[in-house]
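For ligands, and for the atoms within them, numbers begin at 1 and follow the listed sequence. Scope of the values below: all heavy atoms of this structure, side chains included, with no hydrogens, waters or symmetry mates.
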Amino acid sequence: MTPRGLILAIESSCDETAAAVVERGARTLSSVVASQIATHARYGGVVPELASREHLRAIVPVVRAALAQAGCSLTELDAIAVTSGPGLAGALMVGITYAKALAFALDLPLIAVNHLEGHIHAVLLNEREQASRTQLGAPGLDSETWDTTAAQKPGAPGPDSGTWETTEANQRPPQTDEPALALVVSGGHTHLYLAQPASGAWTYRLIGRTVDDAAGEAFDKVAKLLGLGYPGGPWIDALALHGNPRAVPFAFSQVKTKAHLGGKPARTKAARTAPIAELDPHFLFSFSGIKTAVLRYVELNDLRPEAESRREALFTGPDAPARPTIEDALAQCDQQTLDLIASFQHAVVGDLMKKTFAAAESLGAARILVTGGVAANRELRARFTAEAAHRGLRIAFPTLALSTDNAAMIAAAAWPRFLAGDFAPSDLSADPSLALGR
Ligand code: KG4
Ligand code: ZN
């Protein structure tokens with residue numbers, strides 16, 4: 001019997017426990033995400049100890065739900081994939097330990113996936129799903145381009161090239177196999193990679209990154225400062241629609257890495273995910289300055305008491321609604337605050353655009369992928385799309401559900417590794433600052 005190429009993936013790197021079953025890296029059979037937002041919201045950020053505890057609680061029901069939704073049993077699986085880093089050590093360990101136990105008990109290969117690679121594959125998964133919908137009759141998108149020789153190892157199914165038919169429709173290489181400049185923009189990362197398919201696997205070259213806060217972190221910190229909810233991105237995204245983005249002229253200055261860092265490691269959560277010394281400073285991001293600029297604006301304009309009463313009205317006070325909505329938040333914001341929010345978002349999106357398009361031009365990249373939680377942002381999508389059209393570049397984003405953390409993207413990233421027989425050792429451990437590419 002031909003294996004179906006079913007990978008069960010588990011993701012637990014931060015504050016979402018997720019499991020998914022994806023067929024051949026190209027068809028999502030299920031994707032279940034248990035969010036811990038309610039647990040962390042009252043602290044205004046993720047509390048690592050609470051995250052590990054919540055993952056422990058959720059992992060069994062989430063995996064069961066993913067299998068049930070996919071309509072498959074454990075015995076039908078061909079591999080188990082898991083996020084091995086970067087992320088919170090304790091949180092990662094829950095997923096890794098569970099995945100290792102499953103792989104061992106079922107005698108299946110275990111595949112370790114870098115979370116950032118997962119975010120990039122979220123877009124590729126969408127594209128493969130779209131392509132397979134339009135290429136009716138095509139059995140899969142992998143057999144044509146991926147080197148599958150290593151897949152003949154025990155436990156790995158062979159490629160389905162035997163059933164691949166060369167028709168006019170599928171002679172055109174799937175879009176997913178073209179190099180792309182990928183902006184991964186989330187709560188922990190703001191990284192630019194040149195992603196290239198290379199004989200079966202994908203390779204990643206680091207082009208740029210933040211030297212301090214991630215863009216999503218800036219959204220979260222500004223939202224917290226203004227008495228809004230956690231995570232901050234969705235609140236700012238929705239409230240920004242009601243403000244004037246040009247009211248407060250925030251500016252980003254050029255990051256001067258060499259002068260600042262002089263060989264010292266970058267001051268960032270994900271310091272080891274990539275060295276910055278050799279990167280072109282034009283493609284480096286810094287979001288701690290704008291966070292401070294917002295703080296200064298709040299203090300100069302005496303907006304702190306208002307932010308405190310907003311926090312009380314929405315979250316901490318005795319009359320706070322159980323689930324505050326955007327309308328509740330809107331009722332608590334005056335025009336000055338809405339203008340501040342819109343201006344902050346406009347500036348962050350503008351900076352992300354400026355550096356991403358400059359990098360695309362310098363590398364001659366024909367297409368751009370934008371992924372990670374912040375890629376859900378409406379202004380970001382609209383402005384990136386317009387600029388790409390203006391420059392004649394192709395651009396792709398994941399669906400909203402695949403923008404934030406999920407396990408389908410981990411299963412998608414695991415598929416080429418599965419075909420290449422690139423399996424994790426049985427002593428796989430969490431690597432909180434796992435690097436992607438060089
Ligand atoms: O990818 P993700 O779910 O987790 C990490 O890998 O970090 O990203 C979470 C981040 C948070 O900082 C959150 O505020 C931000 O993505 N985010 C957004 C939006 N939705 C989520 N930022 C801006 N606009 C949004 N609509
Ligand atoms: Zn993420």
(request) Please report the C-alpha distance between R296 and E299 in whole Å, then the side-chain angles of each, then the deciding distance to 0.1 Å, and finally whether the salt bridge (charged side-chain N to carboxylate O under 4.0 Å, His left out) criterion is met. (result) CA-CA 5 Å; R296 207 174 304 124; E299 275 165 3; over 6 Å; no
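Partners of Y98 under the ring pair (Phe, Tyr, Trp, His ring centres under 6.0 Å) rule, at least two apart in sequence or in another chain, do not exist in this structure.
Looking only at atom types and distance, the side chain of Q36 has no donor-acceptor partner in the side chain of E54 under 3.5 Å away. Looking at E306 and T337, their side chains do bring a donor and an acceptor atom within 3.5 Å of each other. S13 and H115 share a side-chain donor-acceptor pair at under 3.5 Å. Side chains of R57 and T39: no donor on one and acceptor on the other come within 3.5 Å. Side chain to side chain, S286 and D212 meet the donor-acceptor criterion of an N or O pair below 3.5 Å.
Only protein N, O or S atoms were scored, and 3 of them lie under 2.8 Å from the Zn ion (ligand 2).
Residue contact check: T404 has heavy atoms under 4.0 Å from atoms 3 (O) of ligand 1. In the vicinity of G216, heavy-atom distances shorter than 4.0 Å reach the ligand 1 atoms 12 (O). Here is the list of ligand 1 atoms found below 4.0 Å of a heavy atom in G232: 14 (O). Every atom of ligand 1 is numbered from 1 in the order shown, and the set under 4.0 Å from a heavy atom of P231 is 13 (C), 14 (O). Ligand-side atoms of ligand 1 in range of G188: 7 (O), range being under 4.0 angstrom from any heavy atom. Of all atoms in ligand 1, listed by their number and element, those nearer than 4.0 Å to a heavy atom of H119 are 1 (O), 6 (O).
Residue contacts with ligand 1, taken as heavy atom pairs separated by less than 4.0 Å, do not involve H189 at all.
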Side-chain atoms of residues 350-361: list all donor-acceptor pairs with protein atoms under 3.5 Å, sequence neighbours left out, distances to 0.1 Å.
{"from": "D351", "atom 1": "OD1", "to": "K355", "atom 2": "NZ", "distance (Å)": "3.0"}
{"from": "D351", "atom 1": "OD2", "to": "K355", "atom 2": "NZ", "distance (Å)": "3.3"}
{"from": "K355", "atom 1": "NZ", "to": "L284", "atom 2": "O", "distance (Å)": "3.1"}
{"from": "T356", "atom 1": "OG1", "to": "L352", "atom 2": "O", "distance (Å)": "2.6"}
{"from": "E361", "atom 1": "OE1", "to": "R391", "atom 2": "NH1", "distance (Å)": "3.1"}

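A distance-only check finds a donor-acceptor pair linking the side chain of R310 to the backbone of Q332 [under 3.5 Å].
Proximity of R378 to ligand 1 is not established, as no heavy-atom distance is less than 4.0 Å.
At the top of the distance list for atom 9 (C) of ligand 1, counting protein heavy atoms only, stands G187 N, 3.7 Å. Regarding atom 22 (N) of ligand 1, its nearest protein heavy-atom neighbour is G233 CA, 3.3 Å. For atom 11 (C) of ligand 1, the nearest non-hydrogen atom of the protein is D220 OD2, 3.6 Å. At the shortest separation from atom 8 (O) of ligand 1 among protein heavy atoms lies G373 CA, 3.3 Å. Closest to atom 2 (P) of ligand 1, if we only count protein heavy atoms, is D405 OD1, 3.3 Å.
Closest approach of G85 and L434 over heavy atoms only: O-CD2, 3.6 Å.
Ion pairing between a basic and an acidic side chain is recognised when a charged N comes within 4.0 Å of a carboxylate O; E217 and K221 show such pairing.
Residue pairs meeting the side chain to side chain donor-acceptor pair (under 3.5 Å) criterion with at least one partner in residues 231-242, sequence neighbours excluded, are D237-R378.
Taking each of V222, N377, L380 in turn, the one with a heavy atom nearest to atom 24 (N) of ligand 1 proves to be N377.
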